[in-house]
Amino acid sequence: MMKRNGTGWLFASPYLLYAVLFFAIPLIWSMYLSFTDWNLISPVYYFKGFDNFIEAVKHPGVQAAFFVTFKFMAAFVPMVIVSSLAVALVIHGLPKFKGLFLIGFFLPYLASGVVSSLIVKGLLSHNSAFNVFLRKFGIEIDWLSTPLSALLVVAAIIAWKFTGYYALILTAGFESINKDVYEAAAIDGVTPSQSFWKITLPLLYPAIFTVLILSIGVSFGIFTEVYQLTGGGPNYATNTWQMEIFKQAFTNLSAGYASAVAIIASVVTFASILVIRKLLEMWGKRNGWV
Amino acid sequence: MVGSKKGLTLRYLIAFALLIVMVFPYLYMVMNSFADWTQVDKKVVPTEFTMRSYEWLFSGGEAGIARPWLKAFLNSVIVSTASTALMMVTGAMVAFALAKMNFKGRDFINNAVLFQMFFPAIILLIPTFLIIQNAGLYDTYTAMILPKAMSLWAVFMYTNFFRAIPDTFIEAAKLDGASNFQILYKIVMPMSKSITTVVFLFLFMERWTELLWDMIVVRSDSMLTLNVLLSQMFGPYGGYPGPMYAASVLLTVPIIILFLFFSKQFKEGMQFTLK
């Protein structure tokens, strides 16, 4: 028995090492730093109690990060649900080329956020074919300098990336639905649109739930696209938590203050996901979908 | 809509149209990387082509100072390969312990993995950077590899897969005198090829496109990964759209080739993953 315990721990040892070195120690260090005014370089620093936290809550960058995350979620989650649902709806159960579609729709997931941002930057540059076309109809938008459109553009880039991946999850959900249900419904005279809303969607809810949870998680971790395209602007309109923490820690070198912001960000993220998850579960239960 | 022949044709038409829309950004990138500079971004489909963007990239343009694209490509290959290999080895090891070994503390470790997996990682960014800096690893490959030598997601995926492997295989091997390492390496891993492909592709892709971490732990030009170099070179005010697309092609094409190469196993592996 001793020996077996030993090998178990031996196999698990990479995790233990990793958890101590890159989880436990950083976690404690982060809390310690958050009470100091350390600037990442100077050997001298002072304790400030909760000053960093108070300062952070009043800071427009932090306040923006809080609201931008939810605004981003409000744009991104519906976008990606509709697009991945559309793809899954079209490709599920196709007799031929299904492999081609699964692979093809997955390709955007491989894109670096830097690359997709640069492509969009080109597509939306002032004299691009797209903008010239819009100008013919008198539509002139400076996409990345307008707060609302900047947020929507970032949301669209990320929705593009995740659509194929989520469509795979939904396709698997579609294919697990027993086809007899539809035949029975057809005999009872149920119209196609009724059968979509009353049969397909409820039976698909477990897969939709997974996609909802995943996409909500994504909403709290946006950095690359924002860093590359807007730097958090215009006027904090796309300032995500990661962007704010990066700026404070590695541009302004306020490591102590940035640690406090990171703790706030983590608490907000953890609590929000928990609450949203609970609400979704309750909503699903009330409708009898789970 | 479900069964009829007409409905099926319509669905294929919509599916192909959607597919073209989804891969259009890639097509746009490739076309513009070869487009004549007067046409870059000016035409949806360029009509005149040139290699000038790629030449500019490797010659350094008017200034004649070429950025280290090939070195950056090599850096990305080294970092992504080493990091992914470590994540897979450690992932499979820990998962084997969690799924197939009975020992005191297993449930505790299992819960710790799940807890850490859903813990917001942003809180760890600054102190992890400080650990690397204090260890004298700033501006090295190790700085980019070590904190990404383990993936909890990989542990999670492998654990789920290993649990589905019948214990009889493992007990039979034990009776033959095989050690745990031998069982993992010679019996369990060969049975896990499809899931291994999925885990490998996801991890490699994620590592290949990492920006934030690789950007903060590296300073010298010769150490930058391709993704970081691309990001720095074509920031918010960068001109030269042609070379921007050419560099994007350099970053994107290898990962797509890798993915297409493993696409058959990927499809099989996803079937398990999605259950």
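Every chain is numbered from 1, with letters handed out A, B, ... down the list of sequences.
For a residue to count as touching a neighbouring chain, one of its non-hydrogen atoms must lie under 4.5 Å from one of that chain's; by this rule Ile256(B) touches chain A with backbone and side chain alike. Using a 4.5 Å cut-off between heavy atoms, Ile123(B) contacts chain A through both its backbone and its side chain. Contact of Leu10(A) with chain B is made through backbone and side chain together, with heavy-atom distances under 4.5 Å. Of the two parts of Thr252(B), only the side chain, counted from C-beta on, holds a non-hydrogen atom closer than 4.5 Å to a non-hydrogen atom of chain A. For chain A, the nearby parts of Met22(B) are the backbone and the side chain; heavy atoms of each come within less than 4.5 Å. Using a 4.5 Å cut-off between heavy atoms, Val113(B) contacts chain A through both its backbone and its side chain. Looking at Lys43(B), only its backbone comes within 4.5 Å of chain A, counting heavy atoms on both sides. Contact annotation for Phe266(B): only side-chain heavy atoms (C-beta onward) come within less than 4.5 Å of a heavy atom of chain A. Proximity to chain A (any heavy atom under 4.5 Å) is shown, for Leu146(B), by both the backbone and the side chain. Residue Phe262(B) does not touch chain A at all, counting heavy-atom pairs closer than 4.5 Å. Interface residue Phe202(B): only side-chain heavy atoms are found under 4.5 Å from chain A. Heavy atoms of Ala112(B) lying under 4.5 Å from chain A belong to its backbone as well as its side chain. Interface remark: Leu184(B) contributes side-chain atoms only to the contact with chain A (heavy atom separation under 4.5 Å). For Phe105(A), the parts lying near chain B are the backbone and the side chain together; criterion is any non-hydrogen pair under 4.5 Å. Heavy-atom distances place no part of Leu10(B) under 4.5 Å from chain A, backbone and side chain included.
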Given salt bridge (charged side-chain N to carboxylate O under 4.0 Å, His left out), test Glu210(B) with Lys148(B) step by step and report yes or no.
-> CA-CA 11 Å; Glu210(B) 169 68 34; Lys148(B) 293 183 183 294; 3.8 Å; yes
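Ring to ring, Tyr185(B) and Phe181(B) are not that close: their centroids are 6.0 angstrom or more apart. Remark: aromatic rings of Phe234(B) and Tyr240(B) are distant, center separation not under 6.0 Å. The six-membered or imidazole ring of Phe11(A) lies away from that of Phe103(B), with a centre-to-centre distance of 6.0 Å or more.
Among the candidates Ser266(A), Ala258(A), Ser128(A), Ala265(A), the residue making the largest number of heavy-atom pairs closer than 4.5 Å to chain B is Ser266(A). Put simply, of Trp241(A), Phe106(A), Phe97(A), the one with the most heavy-atom pairs under 4.5 Å next to chain B is Phe106(A).
When atom types are taken as modelled, the side chain of Asn127(A) and the backbone of Val132(A) share no donor-acceptor pair closer than 3.5 angstrom. A donor-acceptor pair under 3.5 Å links the side-chain atoms of Ser33(B) to the main chain of Val30(B), judged by distance alone.
Between Asp214(B) and Arg207(B) there is a salt bridge, with a side-chain nitrogen of the basic residue lying less than 4.0 Å from a carboxylate oxygen of the acidic one.
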